[in-house]
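Input: a single structure, listed below in structure tokens.
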Amino acid sequence: MNRPRDTPPPRRTAGTAAAPAAPHGRCPAAAKDPTPCEGPRDAATIVDRHGRESAGCVHHCARLLAGLEGARVHPFVSAGGVHRLRNRAME
């Protein structure tokens with residue numbers, strides 16, 4: 001996360017696929033979800049059980065959290081943000 005500027009980016013392993021590009025103006029977590037984004041496009045990050053991360057708005061992160069088995073909210077999200085996401089995911 002906090003790398004010196006001269007450090008090369010990490011390499012992808014053979015089993016790791018790139019995240020699909022989000023349509024212009026939508027968060028990356030909304031790749032196949034037609035519903036509109038809510039709030040900042042980088043409000044939270046969801047980590048699946050394989051360690052893959054997906055950043056997105058509150059709406060789409062809550063949907064990912066509810067739909068992915070073993071998903072969790074990335075630890076840098078504030079405690080209030082985690083509670084909002086979990087509450088929305090349970091709706």
Point to revise | Residue pair Val73 / Thr45, side-chain heavy-atom distance below 4.5 Å | key: no
Point to revise | Check: Arg26 main-chain N/O paired with His60 side-chain donor or acceptor under 3.5 Å | key: no
Review point. Counting N and O atoms only, with roles assigned by atom type, does the side chain of Arg41 sit under 3.5 Å from a partner on the main chain of Gly39, one being a donor and the other an acceptor?
Key: yes
Considering all heavy atoms, the nearest [X]-[Y] contact:
X: Ala62; Y: Ala89; value: O-CB, 3.4 Å
X: Cys27; Y: Cys37; value: N-SG, 3.3 Å
X: Ala29; Y: Gly56; value: CB-CA, 4.0 Å

Point to revise | Residues Glu53 and Arg72 bridged, charged N to O under 4.0 Å | key: no
Could you state the interatomic distance from [atom1] ([X]) to [atom2] ([Y]), rounded to the nearest 0.5 Å?
X: Leu68; Y: Arg52; atom1: CG; atom2: CZ; value: 9.0 Å
X: Glu91; Y: Arg63; atom1: CD; atom2: CZ; value: 11.5 Å
X: Ile46; Y: Leu65; atom1: CD1; atom2: CG; value: 4.5 Å

Exercise for review: Please assess Ser54 against Leu64 for the test side chain to side chain contact (heavy atoms under 4.5 Å, CB included), listing each intermediate value before the final yes or no.
Suggested key: CA-CA 9 Å; Ser54 184; Leu64 282 176; 3.8 Å; yes
